[in-house]
Amino acid sequence: MWDWAFTLEILPALARAAVITVEVTILGFLIALTLGLALAVCRIALPWTRLPISLLVELIRSTPLLIQIFFLYFVGPSFGLTLDAMTTGVLAVGVHYATYCSEVYRAGFESVPRGQWEASVALNLGRATTLRDVIIPQAIPPVVPALGNYLVALFKETPLLSAIAVLELMQTAKIIGSQTFRYTEPITLVGLFFLAMSLVSAWAIRRVEAGINRRYRR
Amino acid sequence: MSEPPMVSFENVTKRYGSLTVLDGLNLTISRGEKVAIIGPSGSGKTTVLRMLMTLETIDGGVIRVEGEPLTHTERQGRLVPANLAHIRKVRAKIGMVFQSFNLFPHMTALHNCMEAPVKVLGLSRAEAEARAADLLEMVGLSNRRDYYPSQLSGGQQQRVAIARALAMRPRVMLFDEVTSALDPELVGEVLQVIRKLGEEHDLTMLMVTHQMGFAREFADRVCFFYEGRICEEGEPKAFFQNPQNERSRQFLRAVLEAG
Amino acid sequence: MGLRALAVLLTLTLATILYLSRLEDFRIFVPGLAQGALMTLRITAAAAVLAVLAAITAGLLKLYGPAPLRWLAVAYIEVFRGTSALVQLFWLYFVLPGFGITIEAYTAAVIGIGLNIGAYGAEVVRGAVVSVARGQWEATVALNMTRAQALRRIILPQAFAAMIPPWGNLLIELLKTTALVSMITLGDLAFRAQQMNQTTMKTAQIFTLVLLVYLAMSLTVTLGMRLLERRAARGILHARAA
Ligand SMILES: Nc1ncnc2c1ncn2[C@@H]1O[C@H](COP(=O)(O)OP(=O)(O)OP(=O)(O)O)[C@@H](O)[C@H]1O
Ligand SMILES: [Mg+2]
């Protein structure tokens with residue numbers, strides 16, 4: 001039922017694929033973090049962007065990531081946007097999670113008391129300075145754990161990239177399966193890898209959360 | 001031997017970690033007796049009631065209700081922890097009213113009073129409704145029976161809570177500072193209900209209270225708690241006029257000064 | 001987004017779908033996509049029922065179950081939250097047969113997605129039950145109710161209101177997750193879209209239409225949950241104040 005020799009044989013290929021999975025996760029999350037912050041700041045700084053941004057966020061959050069990946073991959077070229085599979089995947093995942101992150105940032109901004117804005121006005125600080133030096137430093141730390149949870153969520157969605165043949169873990173497992181007609185070991189190993197990473201991340205997030213609570217006590 | 005006391009605490013101990021909250025407490029309450037428990041904050045008054053209601057575990061000693069151990073059973077002359085069925089059987093004789101009411105917010109006053117009689121005592125809905133309606137009338141809330149707790153004032157909520165506890169026909173009623181969460185002008189209506197209950201001679205009552213005037217006029221006995229022990233107890237008149245213990249005197253002086 | 005804004009957006013989305021589906025370029029896709037949408041809805045509904053049942057069972061067992069069942073619930077929650085939904089689907093569909101258990105793609109889809117979302121839902125149930133004031137439990141003890149009676153009659157009804165908003169989000173996640181079943185050969189919306197994409201190459205039209213259909217479904221779910229939330233709030237309005 002379980003073949004240890006076969007397991008050892010496929011381990012190197014899966015390890016190489018795990019590197020791709022981690023790469024996609026990190027790059028995608030960097031996009032999510034920065035684009036998400038940009039969206040959240042835009043909504044505050046430029047009130048007229050509020051409606052278009054919330055429509056965009058609603059659209060992206062309400063539709064499956066898989067379809068968005070296809071959209072970018074297959075429809076992009078007809079708008080002159082031809083990307084390789086890996087770039088498409090990173091971009092799609094990043095933009096998808098940027099909408100989640102922007103909501104998290106927004107909650108962070110809303111948790112900063114109004115008095116902070118008012119004090120900044122009283123000190124005659126500009127809007128940009130207020131945002132950068134007063135509001136953002138207070139808004140971000142409390143939401144770090146929530147962002148961390150989305151990092152894990154994003155990580156767990158990377159197998160979707162197998163749909164456009166990015167050679168990450170799931171795709172590699174599928175290829176091994178179709179070549180050897182043995183799915184048990186590769187897919188179980190992929191599952192165990194995700195489980196281990198998720199448990200470790202959950203533990204790390206709890207530690208960070210405890211640290212932040214101690215420091216910022218809200 | 002005469003009939004056993006309604007409630008007895010025998011050498012009861014309660015600890016939270018290293019903090020001993022009750023230290024070998026002995027207290028005997030006879031049928032129909034009205035006992036007021038007073039004492040400074042943190043002296044263990046609430047803990048006494050909560051242990052009798054089985055809301056807290058017991059770390060040493062035994063509590064008996066009509067001679068029967070509350071959370072223990074006797075096996076070959078030794079006391080061993082009892083199972084839940086036994087606890088529920090003994091606990092059925094006890095009712096409690098909380099400082100914060102704890103009414104069920106998703107049920108009307110009437111349904112608050114019907115829920116347990118139907119589910120626990122197995123009354124028919126008609127019987128339970130009749131009983132609940134009687135009790136709501138007794139506490140003066142007949143015209144509020146279909147109101148939800150949030151639509152009632154604090155005093156009204158507390159009167160519903162009293163009716164709800166009585167609907168289970170307990171032999172012993174526990175009151176833990178039942179007027180402390182109320183606005184001053186609402187205290188009277190609740191005390192009035194308790195007074196009315198007191199006229200029913202069979203009901204045994206234990207009340208933790210900061211209302212010294214009420215304790216004095218209503219109780220048969222006052223127990224003054226200090227650091228987990230009964231420091232002084234006695235008839236209210238004697239106790240309030242001429243406290244024997246230095247601690248009781250200090251406490252009474254402080255309370256009277258505060259008004 | 002407010003209720004009214006949601007309703008407007010849903011109407012606009014539906015109107016756009018209707019308008020597009022009459023255009024020459026789009027018309028050929030309508031029958032195929034309609035079939036796909038039906039499959040998506042079927043899986044969503046069945047998986048949602050399973051998810052709710054699994055969530056309540058696992059959430060309560062994690063809180064109050066006897067030791068072995070409690071561990072089982074924790075293991076279920078951690079495994080299904082810790083591994084990816086797609087991996088779970090593949091495991092059910094491709095690996096289980098290796099252990100002598102072969103299930104249809106549809107069954108695998110419902111079980112996989114239902115249990116996946118159910119694991120997240122279990123934490124929602126647990127959180128909502130724990131958030132009910134401690135005094136409510138104490139009152140049930142004072143009234144000599146059993147734990148089961150207390151849960152069923154007193155605690156769960158109050159927890160219910162707190163559960164609706166997070167369940168709204170979870171149901172959207174569930175709907176989105178159903179797109180993965182296309183990868184185990186089920187003919188849902190995503191599957192039909194890819195299929196027709198290969199045969200007609202009218203890529204932009206197909207995927208635009210499909211995105212809009214998913215959007216309409218999500219908005220409907222959100223709207224429904226908001227209405228439910230409002231009704232529950234009215235019923236338990238009294239709960240918050242007390
Ligand atoms: N759950 C608990 N964990 C730890 N300590 C507790 C707990 N409950 C009560 N205590 C402690 O036990 C002691 C007695 O508490 P209790 O509530 O019985 O006091 P009390 O006499 O009712 O006071 P008050 O007049 O303020 O209500 C206090 O020191 C309290 O801090
Ligand atoms: Mg107290």
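Proteins come first, then strands; the chains are lettered A, B, ... in the order of their sequence lines, and each starts at number 1.
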### Task
Applying side-chain contact (heavy atoms from CB on, under 4.5 Å) between B/Gln211 and each of B/Ile38, B/Thr179, B/Val178, report the one that passes.
B/Thr179
### Task
Would you confirm whether B/Asn112, through its side chain, and B/Met107, through its main-chain N or O, come within 3.5 Å as a donor-acceptor pair?
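It does hold such a pair.
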### Message
Between C/Ser218 and C/Leu215 (side chain of the first, backbone of the second, donor and acceptor by atom type, cut-off under 3.5 Å), is there such a pair?
### Response
no
### Query
For residues B/Glu137 and B/Ser142, is any side-chain donor paired with an opposing acceptor at under 3.5 Å?
no
### Inter-chain contacts: residues 120-129 of chain B against chain C, heavy atoms under 4.5 Å
B/Val120
### Message
Using heavy-atom distances under 4.5 Å, tell me whether C/Glu138 contacts chain B through its side chain, its backbone, both, or neither.
### Response
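Both backbone and side chain.
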Does any backbone or side-chain atom of [X] lie under 4.5 Å from a heavy atom of chain C? Answer side chain, backbone, both or neither.
X       : value
B/Met53 : both
B/Phe98 : side chain
B/Arg50 : side chain

### Message
Can you tell me how far apart CZ (C/Phe90) and CG (C/Leu180) are? Round to the nearest 0.5 Å.
### Response
9.0 Å
### Message
Testing the basics here: between B/Leu110 and B/Ala133, what is the closest heavy-atom pair and its distance to 0.1 Å?
### Response
CD1-N, 4.1 Å
#### Entry: Over all atoms of both residues, closest heavy-atom pair of C/Ile117 and C/Trp167
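Minimum heavy-atom contact is CG2-CZ3, 4.4 Å.
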### Query
How would you list all residue pairs meeting side-chain hydrogen bond (donor to acceptor under 3.5 Å, both in side chains) that involve residues 65-81 of chain C, not counting sequence neighbours?
none
#### Entry: Selection from C/Arg153, C/Met145, C/Arg134 maximising heavy-atom pairs under 4.5 Å formed with chain B
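Top count of heavy-atom pairs under 4.5 Å with chain B: C/Arg153.
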### Query
Just checking, C/Arg42 and C/Tyr106: is the charged tip under 6.0 Å from the six-membered ring centre and within 45° of the axis?
yes
### Query
Quick one: of B/Met96, B/Met168, B/Arg164, who has the most non-hydrogen atom pairs under 4.5 Å with chain C?
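Greatest number of close heavy-atom pairs with chain C: B/Arg164.
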